[in-house]
Amino acid sequence: MNALPSFDSAPGLPKWQQPEKVAGRVVLIGLVGTAVYFWGSILPFLVDMVFDTVKLGIGLGTLFVLFLLATNKRIHAGLWYAGQRVLRSMAGIFVNTNPIGIMEDYISNTEKEARKMDAEVTNIEGAHELVKRKLAANAAQIKEYLALADSATRQGEKDAAESYAMRAAQVQDYSQRLQPMATTTANVTVVMRQILKAALRQIDGSKFKVNLLKDEYALVKRTSSGMRAAMNILRGDPDKKYFFDLATDRVAEDMAQQLGQIKQAMRYSQEFVKEMDIQNGVMSEKGQRLLDQYQKGEFNAVLNEKPQAPQSILATKKASDDAYSSLLD
């Protein structure tokens, strides 16, 4: 048999005799040269395109976030709770929001006021002692002036006696004016000491009460934490329960869809099997009839063919040559 001619370029030819490769390289070199020549114009365009694409992505991401913030209720609730937490934390910087801490701060402030009161009582007691000493000094001064006045009277110095007597009267008047102050300071000292004792007793009682509440509160918090865990097991966490229900519904829908597909595939397979059974039955019957006819010697009659007469060797060779010549034409 003659081989068919090849239309490809012979591999043994030089490259300059392969026009398609030369043309391709010329086009490639031209494109590269054009890109290099216009690179100053292409580069700003590429840079602008990249930055515009980045800006577009940022803008789309921002719009998506704003869309979620405007439509998602869970995000609204999360932002609300986060805002409350932030504001509470900011308030906790300036104000103690812990109830136990508030009571402890109150007791601490009361103790400071009690210490200030004790200092004030000490000052009042000092003033009372000062008044008492002044009264005692005035009494001694009065006695001295009276003694001098008496001595001047016996010596016949009337003016000096009157002067000393007048001074004694002035000191006595001054002592009379200080006497109410001494009484007041004494009474105020007694009252403030009683108030201070009551305040200190109240502070001790408040400390005992706060310590008791602190222990009870810690125990209750631990118990509540354990019961909360138990209730989460019994009722389930609302957020996790929500996602659990969504997952359950999704699995149920997926199973229903897959079961529907399985039923549909089974229905199609049953129809296909039935059709194949029918075709197989028909072909089996037909094959059985052919076998019976073949066994009876009626096979040629079944094929509707007549027995051909045997050809000579020359006729067979001529037919073969004609077939080959027709293939080469």
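Just so it is clear, the values below take in all heavy atoms, side chains as well, and ignore hydrogens, waters and symmetry mates. Keep in mind it's a predicted model, so treat the numbers as computed, not measured.
When all heavy atoms are compared, the tightest approach of A152 to A161 is CB-N, 3.6 Å. Considering all non-hydrogen atoms of both residues, A114 and L196 come closest at O-CD1, 3.5 Å. Listed here is the closest heavy atom pair of S175 and L135: O-CD2, 3.3 Å.
No continuous path of ILVMFWY side-chain contacts below 4.5 Å connects L130 to L178, so the two sit in separate hydrophobic clusters. In the hydrophobic cluster analysis, where Ile, Leu, Val, Met, Phe, Trp and Tyr join through side-chain heavy atoms closer than 4.5 angstrom, L200 is grouped together with I195. Side-chain heavy atoms closer than 4.5 Å link hydrophobic residues (I, L, V, M, F, W, Y) into clusters, and following such links, possibly through other members, connects L66 to F64.
If you take OG on S206 and CD on E111, they are separated by 9.5 Å, rounding to the nearest 0.5 Å. Atom CD of Q202 is separated from atom CD1 of I107 by 9.5 Å, given to the nearest 0.5 angstrom. Taking CD from E120 and CZ from R115, the interatomic distance works out to 14.0 Å, rounded to the nearest 0.5 Å. To the nearest 0.5 Å, atoms CG (D118) and CG (N123) are separated by 10.0 Å. Rounded to the nearest 0.5 Å, atoms CD (E125) and CE (M192) are 9.5 Å apart. Interatomic distance, CD1 of I142 versus OH of Y164, reported as 16.0 Å (0.5 Å rounding).
Side chains of E113 and M117 form no contact here, defined as non-hydrogen atoms less than 4.5 Å apart. Between Q141 and Y145 there is a side-chain heavy-atom pair separated by less than 4.5 Å. At least one side-chain heavy atom of E216 sits less than 4.5 Å from a side-chain heavy atom of L213. Contact annotation: the side chain of L60 never approaches that of K55 to less than 4.5 Å [non-hydrogen atoms, C-beta and beyond]. No side-chain heavy atom of K158 sits under 4.5 Å from any side-chain heavy atom of T153.
Remark: the backbone N or O of L146 is not paired with any side-chain donor or acceptor of D150 at under 3.5 angstrom. Under the 3.5 Å distance criterion, the side-chain polar atoms of T71 are matched with a main-chain donor or acceptor of F67. Under a 3.5 Å cut-off, the side chain of N138 and the backbone N or O of K134 do form a donor-acceptor pair. Looking only at distances, a side-chain donor or acceptor of T110 sits under 3.5 Å from a matching main-chain atom of Y106. Side chain of S151 to main chain of A147: no donor-acceptor pair is present (N/O by atom type, distance under 3.5 Å, no hydrogens or angles). No donor-acceptor pair under 3.5 Å is formed between the side chain of H128 and the backbone N or O of T185.
Crowding of M181 atom CE: a count of heavy atoms from other residues, nucleotides or ligands under 6.0 Å not exceeding 12.
Under 3.5 Å, the side chains of D254 and Q258 contain a donor-acceptor pair of N or O atoms.
A salt bridge is absent between E104 and K207: the closest approach of a Lys/Arg side-chain nitrogen to an acidic carboxylate oxygen does not fall below 4.0 angstrom.
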